[in-house]
Amino acid sequence: MSFLLLFLCLFLLILLGIPLYISILFSCIGYILLRGDIAVGLIIQQLYSGIDKYSLLAIPLYILAGNLICCSKIGERIVSFLKVLLSPFYGGAGIVTVLSALFFSLISGSAPATVLTVGKLMRESMYSSGYSKNFTLGLIISTGSLGIVIPPSIFLIVYGVVTNTSIKELFIYGAYTGFIFGSVFLISTIFYAWFNNIKSDREISANKFYKELKNGFLALLLPFIVILGISTGITSPTEAGIAILVYGLFLGFFVYKDLTIKRLSKIVLDSVKTTSQIMIIMTSASLLGWLLAESNYLDVVHEFFLGFESNVIPLILINILFLSLGMIIDITSLAVILSSVIMVISAATNIPLIAIGAIMAINGAIGMYTPPFGLSLFVAKEIGALNYEQTVKLLFPFYAISLFALILVNILVNILVINMV
């Protein structure tokens, strides 16, 4: 009963607008006081152990690298090249928007940062191409959440750490699921452009093409450093983070020469703030996850999922769990809190932890722009949305697209991953 009170207290505090880490800590402390048999030393130990992991060093590296690319003109050069390459085609501006979101997701791993950056670079281009305001904003907000799915996703790093799963393999499967998720949005954008007769108004200029290719070629290599380095085993995820950070600094200072010490200082400060927010949430979430692991509810969960003969119903239940909770708590914190539950479900159903991670990432991506607490909803005003209610309303078609992508990922995961085990 006291454990149920813990979660009721947690959700009440979240609904009241109390910061997540404070809500978790207050709820856990209340539960511990009710039990009265947990030493204070254990509490401090669990708080510290939540961030005492070598692999978590990758998080500040990717955050700093992502902010560096997003805040400098490296990203602008890549978007300019994509515009020249794709704008002449049907729905070119929309295609560039989706691919730009994919690129910035590869670098930053942050949904709100991707929404703001792509919104700044592509909003006016989509308007001038004939896309409606609602479709433009909806596409930017929804595709911005790809940062959770595509490596170097911060969520995938944390998930790998707390479930003892290979981060390299998570990154590879994350790339597959991110490709599926992005492709669904890409095809939807092309169909929208075709039905609304959104054509290009300019031809491909060879001179312009080569000029933009020359300006953006070195920047275009950034995603391949992550993908090829990790997939071939040349670098670990942490080492890949160091590589793209050093490469980004090299481009900013010595190649494009648009990065200054003053600008870099601001980027570093912003990155420290973001990293601190993530780490303080992880410490409190790890305490809650430990308390959950120590409870007898895990045995109930294990027995419950053992009762299913196929994986269809468990997959449906897993998706409902992650999607509903992802609307309230960010998916990275959720991975820390539910790590023990996830491992129990995997053991009971023989669904690989990698598959659950891929499914959890897609649900978390949808949760980023789903009410009541989707983070991308709160930055939408900065790219042109009028208010919260209007933003949610214009996103309805994109919720349908997202759910279709989610179903597709579940089908493919079931066929290609689970049935191979």
Side-chain angles (χ1 to χ4, degrees), residues 55-82 99-122 140 143-158 171 178 212 214-230 235-279 332 375-376 379 382-383:
S55 298
L56 295 179
L57 286 173
I59 293 176
L61 293 171
Y62 286 120
I63 290 173
L64 181 55
N67 286 341
L68 178 66
I69 278 81
C70 292
C71 296
S72 68
K73 293 188 177 181
I74 296 173
E76 291 182 23
R77 285 178 165 83
I78 294 175
V79 173
S80 296
F81 171 72
L82 291 175
L99 294 180
S100 298
L102 282 167
F103 166 77
F104 285 109
S105 296
L106 268 168
I107 302 302
S108 72
S110 168
T114 301
V115 169
L116 290 174
T117 306
V118 175
K120 173 187 172 184
L121 296 175
M122 290 304 304
I140 292 171
T143 54
S145 65
L146 285 167
I148 293 177
V149 184
I150 299 175
S153 161
I154 292 170
F155 160 74
L156 292 177
I157 295 171
V158 172
F171 274 18
E212 295 297 342
K214 181 182 177 181
N215 289 336
F217 177 74
L218 291 176
L220 285 166
L221 296 178
L222 272 165
F224 296 99
I225 294 175
V226 179
I227 297 171
L228 295 179
I230 295 173
T235 63
S236 67
T238 303
E239 292 165 346
I242 296 172
I244 62 169
L245 178 57
V246 172
Y247 188 65
L249 289 170
F250 171 74
L251 292 180
F253 277 117
F254 302 107
V255 178
Y256 301 133
K257 298 179 181 179
D258 55 9
L259 189 62
T260 63
I261 296 297
K262 182 179 179 181
R263 199 172 188 180
L264 180 61
S265 300
K266 185 180 183 303
I267 292 170
V268 171
L269 182 60
D270 290 340
S271 302
V272 169
K273 289 178 180 177
T274 304
T275 303
S276 301
Q277 290 168 358
I278 293 171
M279 292 303 177
T332 304
L375 291 180
S376 294
V379 301
E382 297 184 42
I383 62 168

Look up atom OG in Ser145 and atom CD1 in Ile140, then write down how far apart they are to the nearest 0.5 Å.
13.0 Å
Residues which pass side-chain contact (heavy atoms from CB on, under 4.5 Å) with Leu99, listed by chain and number, not counting sequence neighbours
Leu82, Leu86, Ile95, Leu102
Rounded to the nearest 0.5 Å, what's the gap from CG on Leu57 to OG1 on Thr238? Could you check?
6.0 Å
Is there a side-chain contact between Asp258 and Arg77 (heavy atoms, below 4.5 Å)?
yes
Interatomic distance, CG@Leu56 vs OG1@Thr275, rounded to 0.5 Å, equals 11.0 Å
Walk me through whether Phe103 and Leu146 qualify under side chain to side chain contact (heavy atoms under 4.5 Å, CB included).
CA-CA 10 Å; Phe103 166 77; Leu146 285 167; over 6 Å; no
To the nearest 0.5 Å, what is the distance between CG on Leu249 and CG on Leu64?
7.0 Å
With rounding to the nearest 0.5 angstrom, report the OG1 to CD1 distance, Thr332 to Ile278.
7.0 Å
Residue set satisfying side-chain contact (heavy atoms from CB on, under 4.5 Å) with Phe250, at least two apart, ordered chain then number -> Phe254, Val255
Step-by-step side chain to side chain contact (heavy atoms under 4.5 Å, CB included) determination, Thr143 to Val118
CA-CA 9 Å; Thr143 54; Val118 175; 5.7 Å; no
To check you understand the geometry: which heavy-atom pair defines the closest contact between Val79 and Ser100, and what is its length?
CG2-OG, 3.6 Å
Euclidean distance, Ile154 CD1 relative to Ile63 CD1, rounded to 0.5 Å
4.0 Å
Residue pairs fulfilling side-chain hydrogen bond (donor to acceptor under 3.5 Å, both in side chains) with at least one residue in residues 261-271, sequence neighbours excluded
Asn67-Ser271, Lys266-Asp270
Minimal heavy-atom distance between Ala101 and Gly144, with the atoms involved, is CB-N, 4.5 Å
Of Leu222, Leu221, Leu220, the one forming a side chain to side chain contact (heavy atoms under 4.5 Å, CB included) with Leu218 is Leu221
Return the set of residues passing side-chain contact (heavy atoms from CB on, under 4.5 Å) with Ile225 (not counting sequence neighbours), or none when no residue passes.
Ala243, Ile244, Tyr247
Results of side-chain contact (heavy atoms from CB on, under 4.5 Å) for Ile242 - residues two or more places apart only
Leu61, Val246
Where do Leu259 and Leu264 come nearest, in terms of heavy atoms and distance?
CD1-N, 4.4 Å
Considering non-hydrogen atoms only, spot the tightest contact between Pro237 and Phe171 and give its length.
CB-CE2, 3.9 Å
Taking the side chain as C-beta and beyond, is there a heavy-atom pair between Phe155 and Val149 under 4.5 Å?
no
